[in-house]
Amino acid sequence: MIKEFQNKNEWALILGGSSGLGLATAKKLAKHGLNICIVHRNSRMQEDEIQAEFEIIKQEHIQFKSFNTDAFKPEKRDAVIEDLKVLFGENHRIKILVHSVAKGNLKPMISDENPVLKNDDFALTINAMAISLYDWTKALFDTKLFADDARIVSFTSEGNTKPWQNYAAVSAAKVTLEAITRNMALEFASFGIKANCIQAGVTDTSSLRMIPGSDKIIEHTLKRNPNKRLTLPEDVANAVYLLSKDEAAWITGTVIPVDGGEHLS
């Protein structure tokens with residue numbers, strides 16, 4: 001395989017890259033020669049499994065760095081960026097920032113049995129799953145860590161337009177994420193930065209399994225998708241890779257379905 005990014009001193013910074021879409025993306029980009037930095041938050045019980053996945057990435061003979069820290073706390077974000085400044089030196093830069101974080105509340109609006117959504121639940125979810133994209137983008141931009149032709153990719157879902165039970169806070173976050181992406185595409189364009197969202201189809205990840213009624217979502221999707229299967233993390237990773245290529249430099253400010261035609265039905 002030709003590693004088109006090899007020896008270009010370019011990195012992928014992946015927020016939430018220890019599982020699911022983020023991990024699949026890290027593996028795909030590493031396979032094509034990008035150096036990989038993953039910011040994740042996991043417990044000690046998960047450490048062995050995660051490190052085993054990271055070892056697979058390192059076998060691609062690229063540079064690799066990971067931070068097990070809270071990406072949503074400003075002081076933790078600043079500490080990561082300071083470490084990257086030292087690691088990168090004068091020559092290395094971030095080619096692509098991938099936002100693949102899932103932190104939010106899956107509560108109903110009305111319930112006699114379970115806690116219901118409150119203002120704080122919306123605020124926490126929107127901040128983690130949407131506004132944090134801008135916070136990281138702006139911090140990296142201010143410290144001049146982006147490459148001249150940088151890409152920003154984040155993951156949205158069909159919950160951006162269709163209501164799902166218990167999904168209100170996440171749905172609001174996805175809409176916010178898309179709005180922020182469009183505005184970043186506009187306002188950072190003159191600096192060579194492109195920003196897009198990928199609307200992934202239903203993917204059997206730990207994040208999906210946290211949604212109440214996820215089994216029914218999977219069952220319905222298998223009937224609805226014209227290809228009669230769920231979206232795989234690797235399907236989404238392939239699309240991120242395509243958006244990272246030089247040939248994708250004229251794509252910005254969009255929401256791109258990567259779902260095998262699931263959105264058609």
Side-chain angles (χ1 to χ4, degrees), residues 11-23 25-26 35-51 53-54 57 64-88 92-107 115 117-146 150-157 168-181 183-184 187-188 193 195 197 205-207 210:
W11 288 72
L13 173 57
I14 302 173
L15 307 177
S18 61
S19 64
L21 306 185
L23 178 60
T25 296
N35 303 310
I36 302 295
C37 176
I38 292 176
V39 179
H40 64 105
R41 186 62 170 163
N42 294 97
S43 67
R44 290 182 179 178
M45 291 181 61
Q46 300 169 299
E47 189 68 20
D48 289 344
E49 180 181 352
I50 291 168
Q51 290 303 319
E53 296 287 2
F54 289 172
I57 297 173
F64 179 87
K65 180 72 175 178
S66 66
F67 298 89
N68 190 353
T69 189
D70 190 340
F72 309 118
K73 291 185 177 180
E75 65 274 16
K76 301 293 186 181
R77 180 181 66 241
D78 292 345
V80 169
I81 291 175
E82 286 301 314
D83 282 353
L84 290 181
K85 286 168 63 179
V86 174
L87 177 64
F88 287 3
H92 289 230
R93 290 294 179 267
I94 293 169
K95 172 68 175 182
I96 183 168
L97 169 65
V98 180
H99 187 273
S100 180
V101 296
K103 178 181 179 181
N105 283 289
L106 294 164
K107 297 178 182 178
L117 276 175
K118 297 181 180 179
N119 182 286
D120 288 349
D121 296 318
F122 276 101
L124 181 149
T125 306
I126 293 171
N127 183 68
M129 298 185 73
I131 298 173
S132 65
L133 173 66
Y134 173 71
D135 290 338
W136 274 91
T137 299
K138 188 62 165 60
L140 293 169
F141 176 80
D142 288 344
T143 50
K144 297 179 173 57
L145 289 185
F146 278 122
R151 316 296 166 84
I152 298 169
V153 178
S154 57
F155 301 136
T156 186
S157 72
V170 177
S171 181
K174 295 302 187 183
V175 173
T176 305
L177 179 71
E178 293 173 20
I180 289 172
T181 295
N183 278 273
M184 289 197 308
E187 298 196 36
F188 286 95
I193 296 173
C197 284
T205 63
S206 57
S207 297
M210 293 175 64

Minimum side-chain heavy-atom gap [X]-[Y] below 4.5 Å:
X      : Y      : result
Leu124 : Asn105 : yes
Leu133 : Met184 : yes
His99  : Ile152 : no
Thr181 : Ser154 : yes

What is the distance from atom [atom1] of [X] to atom [atom2] of [Y], rounded to the nearest 0.5 Å?
X      : Y      : atom1 : atom2 : answer
Gln46  : Gln51  : CD    : CD    : 12.0 Å
Ile14  : Cys37  : CD1   : SG    : 9.0 Å
Ile180 : Thr137 : CD1   : OG1   : 9.0 Å
His40  : Glu53  : NE2   : CD    : 12.0 Å

What is the minimum heavy-atom distance between [X] and [Y], and which atoms define it?
X      : Y      : answer
Ile94  : Ala150 : O-CB, 3.9 Å
Trp11  : Ile36  : CZ3-O, 3.3 Å
Ala128 : Lys103 : CB-O, 3.5 Å
Met129 : Ala102 : CE-CA, 4.1 Å
Gly104 : Thr125 : CA-OG1, 3.3 Å

Taking only residues two or more places apart in sequence or in another chain, which ones pass side-chain hydrogen bond (donor to acceptor under 3.5 Å, both in side chains) with Asp142? Lys138
Quick one: side chains of residues 171-179, donor-acceptor pairs under 3.5 Å with protein atoms, not counting sequence neighbours, listed by atom name and distance.
{"from": "Ser171", "atom 1": "OG", "to": "Gly159", "atom 2": "O", "distance (Å)": "2.5"}
{"from": "Lys174", "atom 1": "NZ", "to": "Phe155", "atom 2": "O", "distance (Å)": "2.8"}
{"from": "Thr176", "atom 1": "OG1", "to": "Ala172", "atom 2": "O", "distance (Å)": "2.8"}
{"from": "Glu178", "atom 1": "OE2", "to": "Thr156", "atom 2": "OG1", "distance (Å)": "2.6"}
{"from": "Glu178", "atom 1": "OE2", "to": "Asn160", "atom 2": "ND2", "distance (Å)": "2.7"}

Atom CD of Glu49: over 12 foreign heavy atoms under 6.0 Å: no
Chi angles and distances behind the side-chain contact (heavy atoms from CB on, under 4.5 Å) call for Ile38, Ile57: CA-CA 11 Å; Ile38 292 176; Ile57 297 173; 4.1 Å; yes
Evaluation steps, ring pair (Phe, Tyr, Trp, His ring centres under 6.0 Å), between Phe141 and Phe188: CA-CA 9 Å; Phe141 176 80; Phe188 286 95; 5.1 Å; yes
Output all residues satisfying salt bridge (Lys or Arg N to Asp or Glu O under 4.0 Å) with Lys107, sequence neighbours left out; order by chain, then residue number. Asp121
Any residue meeting ring pair (Phe, Tyr, Trp, His ring centres under 6.0 Å) with Tyr134, in chain and number order, not counting sequence neighbours: none
Checking Phe67 now: which residues fulfil ring pair (Phe, Tyr, Trp, His ring centres under 6.0 Å) with it, not counting sequence neighbours? none
Is there a donor-acceptor pair under 3.5 Å between the side chain of Arg151 and the backbone N or O of Val98? no
Centroid separation Phe64 to Phe54 less than 6.0 Å: yes
For the side-chain contact (heavy atoms from CB on, under 4.5 Å) test, which of Asn42, Asn68, Leu23, Val39 pairs with Ser18? Asn42
Give the table of side-chain donor-acceptor pairs shorter than 3.5 Å for residues 70-87, with sequence neighbours excluded, one pair per line with atom names and distance.
{"from": "Asp70", "atom 1": "OD1", "to": "Phe72", "atom 2": "N", "distance (Å)": "3.0"}
{"from": "Glu82", "atom 1": "OE2", "to": "Lys85", "atom 2": "NZ", "distance (Å)": "3.4"}

